[in-house]
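Nothing here was measured: the structure is a model prediction, and the numbers come from that model. The chains referred to below are lettered A, B, ... by the order of the sequence lines, with proteins before strands, and numbering in each begins at 1.
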Protein chains: 2
Amino acid sequence: MAFDILRSDGLDGLTMRTLAAKLGVAVTAIYWHVGDKQALLDELVDRIIAEVGEVRVTGGSPADRLLSIGRSLRQNLLDQPNLVALVHRQGRTPVLFLPAQRVVAEELTNAGLHGADAARAVHAFLRLVIGSVILERTEQRSPDQRETVEELWARERLSLHSTLAEHLARPVDRDELFEFSLSALVRALVTQPAPPWPASSAQSYNAT
Amino acid sequence: MAFDILRSDGLDGLTMRTLAAKLGVAVTAIYWHVGDKQALLDELVDRIIAEVGEVRVTGGSPADRLLSIGRSLRQNLLDQPNLVALVHRQGRTPVLFLPAQRVVAEELTNAGLHGADAARAVHAFLRLVIGSVILERTEQRSPDQRETVEELWARERLSLHSTLAEHLARPVDRDELFEFSLSALVRALVTQPAPPWPASSAQSYNAT
DNA sequence: ACCTGAACACCGTTCAAGT
DNA sequence: ACCTGAACACCGTTCAAGT
């Protein structure tokens, strides 16, 4: 019931009083059953995670299967913006990682990764997917000052390659961008020869 | 003044009444000067963007310079969690992209990218940085149910390579993970072998 | 055990009224 | 032009009181 209100009206529409009204009960009855609002939202978050976290896996190669996991998870989250918003507002975003972790880990193991490398890959993968969704969600909700961006890049055309400025002034194709970033990461993860990453980057990391 | 309250006490600590009290003035006086709270927060967001958006660039090669931009931007945002939280809560997260866009575009141009490819690279780069920060911010704020993750992976050890399960049960080194993801993306973006001292990219300001 | 009503402290906001 | 005080509608929450 609280779930329905949240899904349709968002977190702002879900108050103890509106919920009580929809239940045909006094406001204070909720406190006896659930506890305070924090407890109510915690229960909701747990249900959301279970509902929205399951992913479908398709494809033959490990790389393809990883991409399908990323797409599936992203679509689940984008389909329920109000639910994802609540999870994030409650500071529970990390739990969004949990349901898909196992299946991602499995695919990466199949791709030949093990130990710390595989764990890092799991985290990098899920972080990219969920971070993308959270940004996209706020972009959708705010058409924002698109004219400001265009203004900005109209003035920039002298100092930069003009076609780049033109493209930056245009709206983003989020699907394509997600596909691009995720593909780049997956390609970096499942290429067999271990890149000389830890040693070389430890230098540049301490450089600043 | 509202800025100081926000920085120290977060958005929850910034009410019209606490602000008025700190200003030594009646609550309603704020409405005459600023308008309603939405207008107040909008002004704050604009100031935050200006303050937190500037990045420092170091390094010789385009790839190194891109990495330094990413690190610098990330650190700025992580240093002011309450400010970033407000920007996000206001749905203005996209504006976090603006200040760094120009300098990232410049470096990618120097790296030999143009037009749509360069624009996509700009967006992918900034999205990874800002998405990472937003996730890290909520992770920091909630130690969460770390025991749940360990439980989960304790049970998983049979079906997966055991060292992977062990590593996944451990907390994440966020600095290392960010470095890993960003490096992978940058490597995917700047396809060229990138000699340590490219004479060509030194000439970045020649006329078009 | 389960629910109600009154009450409290806190919001953002409006508006007539003061200077 | 600038500020105040009272008032309103809305929160979450507590608690004694009902059945």
- [ ] Whole angstrom is fine here: how far is it from CE in A:M16 over to P in C:dA9?
- [x] 20 Å
TODO: Between D:dT13, D:dC11, C:dG12, spot the one nearest the side chain of B:K37, thanks.
DONE: C:dG12
Open item on the list: Looking only at the side chains, is there a donor atom on one of A:R120 and A:H123 sitting less than 3.5 Å from an acceptor on the other?
Closed with: no
Task: Salt-bridge contact A:D175-A:R74 (side-chain N to carboxylate O under 4.0 Å) - done: yes
Task: Integer-rounded Å distance: D:dC11 C1' and B:R17 CZ - done: 12 Å
Task: Donor on one side chain, acceptor on other, A:Q80 and A:N76, under 3.5 Å - done: no
Task: A:T15 backbone acceptor or donor facing A:T18 side chain under 3.5 Å - done: yes
- [ ] Measure the distance from CG on B:L11 to P on C:dC11 and round it to the nearest whole Å.
- [x] 12 Å
Task: Value in whole Å for how far the P atom of D:dC11 lies from CG of A:D36 - done: 17 Å
Task: Nucleotide D:dT13, atom C1' - distance to CG of A:L40 in whole Å - done: 14 Å
Task: Base partner of C:dT4, which must satisfy Watson-Crick or wobble distances under 3.5 Å - done: D:dA16
Task: A:S72 (side chain) donor-acceptor with A:I69 (main chain) under 3.5 angstrom - done: no
- [ ] Indicate whether the side chain of A:N110 and that of A:E106 have a donor and an acceptor atom separated by less than 3.5 Å.
- [x] no
- [ ] Under 4.0 Å from any atom of DNA chain D, heavy atoms only: list the residues of residues 20-33 of chain A that qualify, in numerical order.
- [x] A:V27, A:T28, A:Y31
TODO: Check the distance between D:dC11's P and A:L19's CG and give it to me in whole angstrom.
DONE: 12 Å
